[in-house]
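Remarks on the structure that follows.
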Amino acid sequence: MTTSALPQNEGPDITAIAAQNDAFRKLACLGIAPDQPIAGNMHVTRSLAEAEDGLMAEAVKATGEFDVFEPENDPDGCHDFGAVDIRGQKVFWKIDLYEADSDFRCGAETPDNPATTLCVLTIMMASDW
């Protein structure tokens, strides 16, 4: 009896996803243009938008500057979630990756390919979670 090994699907390139997520956050939050185009949208929740004067702007800037990724807060290595403290208030940010032409119905099939992936960055008060 002969058995043949089936080809194993290699997963997406986590390093590429992390770089793409970092580049998109910096573009959306700080206006720093990436080396290659990255499509996406940034959203803030209503509670953050209605927070005290200037808090939203500080949260957006802190999200763009965030760079403390460790196994405890980034177990998958994708740089897709973070938490920042602004004026004593906890703010979360999260990046979700969608198939570019799916109207947000389908997760990205190849999340490491910015040509087919749409990044959605949501910044929220921790209480929104």
Salt bridge (charged side-chain N to carboxylate O under 4.0 Å, His left out) filter on K90, not counting sequence neighbours, yields D85

Return the set of residues passing side-chain hydrogen bond (donor to acceptor under 3.5 Å, both in side chains) with E52 (not counting sequence neighbours), or none when no residue passes. R87, Q89

Considering all heavy atoms of both residues, which atom of L48 and which atom of M125 are nearest to each other, and what is their separation? CD1-SD, 3.6 Å

Pairwise side-chain contact, D74 with V68, heavy-atom cut-off 4.5 Å (strictly under): no

Residue pair C119 / I38, side-chain heavy-atom distance below 4.5 Å: yes

Clusters formed by hydrophobic residues whose side-chain heavy atoms approach within less than 4.5 Å: which one holds W129, and what are its other members? F81, F92, M124

Those residues at least two apart in sequence (or on a different chain) that pass side-chain hydrogen bond (donor to acceptor under 3.5 Å, both in side chains) with T15 are none

Non-neighbouring partners of E109 that pass salt bridge (charged side-chain N to carboxylate O under 4.0 Å, His left out), sequence neighbours left out: none

Does any non-hydrogen side-chain atom of E99 lie less than 4.5 Å from one of L118? no

Can you check side-chain contact (heavy atoms from CB on, under 4.5 Å) on I17 and L97, steps first, answer last? CA-CA 9 Å; I17 293 171; L97 304 176; 3.9 Å; yes

How would you list, by chain and number, every residue that makes a side-chain contact (heavy atoms from CB on, under 4.5 Å) with A49, sequence neighbours excluded? V44, M56

Excluding sequence neighbours, so at least two apart, what forms side-chain hydrogen bond (donor to acceptor under 3.5 Å, both in side chains) with S127? none

Report yes if some heavy atom in the side chain of C29 is under 4.5 Å from a heavy atom in the side chain of I123; otherwise report no. yes

N41 side chain near L121 side chain, heavy-atom distance below 4.5 Å: no

Quick one: closest heavy-atom pair of P111 and T117, and the distance? CA-OG1, 3.6 Å

Qualifying ring pair (Phe, Tyr, Trp, His ring centres under 6.0 Å) pairs with a residue from residues 31-68, counting only residues at least two apart or across chains: F66-F69, F66-W93

Could you state the interatomic distance from OG1 (T63) to NZ (K94), rounded to the nearest 0.5 Å? 13.5 Å

Could you list all the salt bridge (charged side-chain N to carboxylate O under 4.0 Å, His left out) pairs where at least one residue sits in residues 36-48, not counting sequence neighbours? R46-E50

Applying salt bridge (charged side-chain N to carboxylate O under 4.0 Å, His left out), can you list everything that pairs with E70, at least two apart in sequence or on another chain? none

Output every pair passing salt bridge (charged side-chain N to carboxylate O under 4.0 Å, His left out) with a member in residues 21-43, not counting sequence neighbours, ordered by first then second residue. D22-R25

Please name all residues satisfying salt bridge (charged side-chain N to carboxylate O under 4.0 Å, His left out) with D112, sequence neighbours left out, ordered by chain then number. none

Could you state the interatomic distance from CD1 (I14) to CG (D76), rounded to the nearest 0.5 Å? 6.5 Å

Rounded to the nearest 0.5 Å, how far apart are CD1 of I95 and CZ of F24? 7.0 Å

Give the minimum heavy-atom separation between K61 and L30, together with the two atoms involved. O-CD2, 3.8 Å

